[in-house]
K.L.:
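The structure that follows is given in the form of structure tokens.
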Amino acid sequence: TNTVTFMVNGEEYATQEVSYNESLTTSKISEPGYIFYGWDFNNEPITKDTVINAIVKECKFEPTTFNNSENVYGSNIWTDSKNIYYSSTELEYVLDKETNTWDEKTWNINGIYAEYIWNAEENTFFNDANKSYKLNIELGEWEEVEWHYLVGGTPIPYNFYGNAVRKINGNYYYLSNKSVFLLDTQNLTLKKVSSEDISSTFPGGSFASSYWTDGVNLYHSNGTSNQYIYNFELEIWEETNWNILVNGKYVWNCGQNTYYSNGNEQYILDVDTGNWIENGWMGIIGLEKDKVWTDGTNIYYSNGSEQYVLV
């Protein structure tokens, strides 16, 4: 056999014995104070003793600036496959990445809010329960579309809220206050995949912001003692417990890690124990999840008066 040594920040993290010419199975790690992006390993069969290093970045922000606007909030920023936009009730901008400037932007329709915009691969959608649009990225215009709910194979027009869409294991789901729906983003259809009424499962009702995912599992946590995980095989919600009371609206993913940031508390989800452990963010006091955004390359934090970038 050959010994594979996993290193994190220059220190031995774990070792694994692997038979000659066998493949290696790697897993995520949770290291407080760091963001884990993967291992510097190309998945080739192991033929000798091997050292593999974790690709990590410190949880550290530094002040940054945009050339013409400091009063942007991260919660109003969204992206398609090409550009970064800012959409609020009063302001519309597009980010010029070369000059780091927010330029005024006018859309062909009114009432576009970042909260209801979501991406599925190369597609960008807007759904606010009253209307549905798909962004024509080449033209820079919104085109009205119609989604359908399949009932016994019969399509029925259906509107829903984009802020209740989550991506899990490569699939997209809409989470209503009643059911879980699987979305077909090519044919614009919804298929119910839950066998129970969610409103009868969650005391106090269900809210879009309470749903969160670590990329593999779907959870519902509203900050009370009622915490749930969705069983996709049985199509039911099952109770689960965390070591802290989690409110899903403050859960976010960065790299391959899952974080909890509500302004007062900062945690990282430990992939080994399933518990939340304290995590610090250098450079920012009181980090809140809804003010974090990315341009696809960098991670930013914008709270309306100050702008930061993850270094």
Side-chain angles (χ1 to χ4, degrees), residues 60-145 159-167 172 185 208-209 249-255 259 261-263 281 283-311:
K60 182 180 180 180
F61 282 90
E62 289 186 353
T64 188
T65 59
F66 295 102
N67 289 338
N68 65 333
S69 181
E70 291 299 316
N71 63 337
V72 296
Y73 285 88
S75 57
N76 293 326
I77 296 173
W78 59 278
T79 180
D80 58 21
S81 59
K82 294 176 61 176
N83 298 303
I84 309 297
Y85 299 99
Y86 185 90
S87 299
S88 68
T89 55
E90 300 177 351
L91 302 172
E92 296 284 355
Y93 296 116
V94 60
L95 181 64
D96 185 323
K97 296 180 182 179
E98 292 186 2
T99 63
N100 212 32
T101 301
W102 289 100
D103 297 328
E104 289 189 10
K105 170 68 178 177
T106 301
W107 294 106
N108 58 311
I109 61 173
N110 297 319
I112 292 296
Y113 305 113
E115 179 182 6
Y116 301 119
I117 295 172
W118 57 284
N119 294 311
E121 310 313 327
E122 297 298 315
N123 297 312
T124 298
F125 297 98
F126 176 88
N127 300 84
D128 74 348
N130 294 313
K131 51 187 178 292
S132 299
Y133 294 96
K134 180 179 178 181
L135 182 63
N136 186 318
I137 297 175
E138 297 303 320
L139 296 179
E141 296 182 351
W142 291 97
E143 299 173 346
E144 191 166 4
V145 296
N159 289 318
F160 58 93
Y161 288 101
N163 64 338
V165 175
R166 302 290 185 272
K167 182 180 181 181
Y172 294 87
T185 59
S209 61
K249 68 184 294 185
Y250 300 117
V251 178
W252 58 292
N253 297 303
C254 187
Y259 298 92
S261 304
N262 68 359
W281 292 91
I284 293 180
I285 298 175
L287 185 144
E288 297 180 44
K289 170 250 182 173
D290 63 351
K291 297 178 177 62
V292 179
W293 60 282
T294 180
D295 62 2
T297 302
N298 296 306
I299 306 293
Y300 295 92
Y301 183 82
S302 303
N303 63 8
S305 59
E306 300 168 309
Q307 313 294 318
Y308 298 87
V309 62
L310 186 71
V311 297

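This is a predicted model, so every value here is computed, not measured. Position 1 is the first residue of the sequence, and the numbers go up from there.
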K.L.:
Of all the heavy-atom pairs spanning Ser302 and Trp293, show the shortest one and how long it is.
P.N.:
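Ser302 and Trp293 have their closest heavy atoms at OG-NE1, 2.8 Å.
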
K.L.:
With rounding to the nearest 0.5 Å, note down the distance linking CD in Glu306 to OG1 in Thr64.
P.N.:
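Spacing of CD (Glu306) from OG1 (Thr64) equals 12.5 Å.
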
K.L.:
Do you know which two heavy atoms are closest between Glu92 and Ile112, and how far apart they sit?
P.N.:
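What the structure gives for the nearest pair is OE2-O, 3.5 Å.
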
K.L.:
Roughly how far, to the nearest 0.5 Å, is CD1 of Ile284 from OH of Tyr301?
P.N.:
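If I round to the nearest 0.5 Å, the distance is 6.0 Å.
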
K.L.:
With sequence neighbours left out, what residues match Asp80 under side-chain contact (heavy atoms from CB on, under 4.5 Å)?
P.N.:
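Asp80: side-chain contact (heavy atoms from CB on, under 4.5 Å) contacts with Lys82, Asn83, Tyr85, Thr124, Leu135, Ile137.
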
K.L.:
Can you list the steps and then say if Tyr259 with Trp281 is a ring pair (Phe, Tyr, Trp, His ring centres under 6.0 Å)?
P.N.:
CA-CA 11 Å; Tyr259 298 92; Trp281 292 91; 5.1 Å; yes

K.L.:
Have Ser261 and Glu288 got a donor and an acceptor in their side chains that come within less than 3.5 Å?
P.N.:
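Judged by distance alone, the side chains do not pair up.
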
K.L.:
Are the side chains of Asp128 and Tyr113 in touch, meaning some heavy atoms are under 4.5 Å apart?
P.N.:
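With C-beta onward as the side chain, the pair stays apart.
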
K.L.:
Closest approach of Asn119 and Thr79, non-hydrogen atoms and distance?
P.N.:
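Asn119 and Thr79 have their closest heavy atoms at ND2-O, 2.7 Å.
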
K.L.:
Show your working on side chain to side chain contact (heavy atoms under 4.5 Å, CB included) between Tyr73 and Leu91 and close with a plain yes or no.
P.N.:
CA-CA 11 Å; Tyr73 285 88; Leu91 302 172; over 6 Å; no

K.L.:
Mind telling me whether Trp118 and Tyr172 have parallel, tilted or perpendicular rings, with 30° and 60° as the class edges?
P.N.:
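Tilted.
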
K.L.:
Grab the two heavy atoms, one from Thr297 and one from Thr294, that are nearest each other, plus how far apart they are.
P.N.:
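What the structure gives for the nearest pair is N-OG1, 4.0 Å.
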
K.L.:
Can you tell me how far apart CH2 (Trp102) and CD1 (Ile84) are? Round to the nearest 0.5 Å.
P.N.:
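If I round to the nearest 0.5 Å, the distance is 7.0 Å.
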
K.L.:
Does Lys131 have more than 12 heavy atoms from other residues, nucleotides or ligands lying within 6.0 Å of its NZ?
P.N.:
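It does: Lys131 NZ has more than 12 such atoms within range.
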
K.L.:
Tell me, yes or no, whether the heavy-atom count around Glu143 atom CD, taken from other residues, nucleotides or ligands under 6.0 Å, exceeds 12.
P.N.:
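Counting neighbours around CD of Glu143, more than 12 heavy atoms of other residues, nucleotides or ligands fall under 6.0 Å, so yes.
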
K.L.:
Applying side chain to side chain contact (heavy atoms under 4.5 Å, CB included), run through Phe126 and Trp107 and close with a yes or a no.
P.N.:
CA-CA 13 Å; Phe126 176 88; Trp107 294 106; over 6 Å; no

K.L.:
In terms of ring plane angle, is the pair Tyr116 and Tyr161 parallel, tilted or perpendicular, where the classes change at 30° and 60°?
P.N.:
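Tilted.
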
K.L.:
Looking only at heavy atoms, which two atoms of Asn108 and Glu141 are closest? And how far apart?
P.N.:
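That would be OD1-CA, 3.5 Å.
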
K.L.:
Parallel under 30°, tilted from 30 to 60°, perpendicular over 60°: which one fits the rings of Phe61 and Tyr308?
P.N.:
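Phe61 vs Tyr308 ring planes: perpendicular.
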
K.L.:
Kindly say whether Thr99 contributes a backbone atom to a donor-acceptor pair with the side chain of Asn67 at under 3.5 angstrom?
P.N.:
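Between the backbone of Thr99 and the side chain of Asn67 there is a qualifying donor-acceptor contact (under 3.5 Å).
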
K.L.:
Regarding Ser75 and Asp290, do their side chains bring together a donor and an acceptor under 3.5 Å, going by distance alone?
P.N.:
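On atom types as modelled, these side chains do not qualify, holding no pair under 3.5 Å.
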
K.L.:
If you measure from CD1 on Ile77 to CD1 on Ile117, what distance do you get to the nearest 0.5 Å?
P.N.:
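Interatomic distance, Ile77 CD1 to Ile117 CD1, rounded to 0.5 Å: 12.0 Å.
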
K.L.:
Apply side-chain hydrogen bond (donor to acceptor under 3.5 Å, both in side chains) to residues Glu115 and Asn163 and explain how you reach the verdict.
P.N.:
CA-CA 6 Å; Glu115 179 182 6; Asn163 64 338; 3.1 Å; yes

K.L.:
Looking at Lys167 and Glu121, is any side-chain nitrogen of the basic one under 4.0 Å from a carboxylate oxygen of the acidic one?
P.N.:
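Salt bridge: yes.
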
K.L.:
Would you say Trp142 and Lys134 make side-chain contact, with heavy atoms under 4.5 Å?
P.N.:
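Sidechains of Lys134 and Trp142: no contact.
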
K.L.:
Should we count NZ of Lys289 as having more than 12 external heavy atoms under 6.0 Å?
P.N.:
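Yes, the 6.0 Å shell around NZ holds more than 12 heavy atoms from other groups.
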
K.L.:
Which heavy atom in Val292 sits nearest to a heavy atom in Ile299, and how many Å separate them?
P.N.:
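So the minimum-distance heavy-atom pair works out to CG1-CG2, 3.7 Å.
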
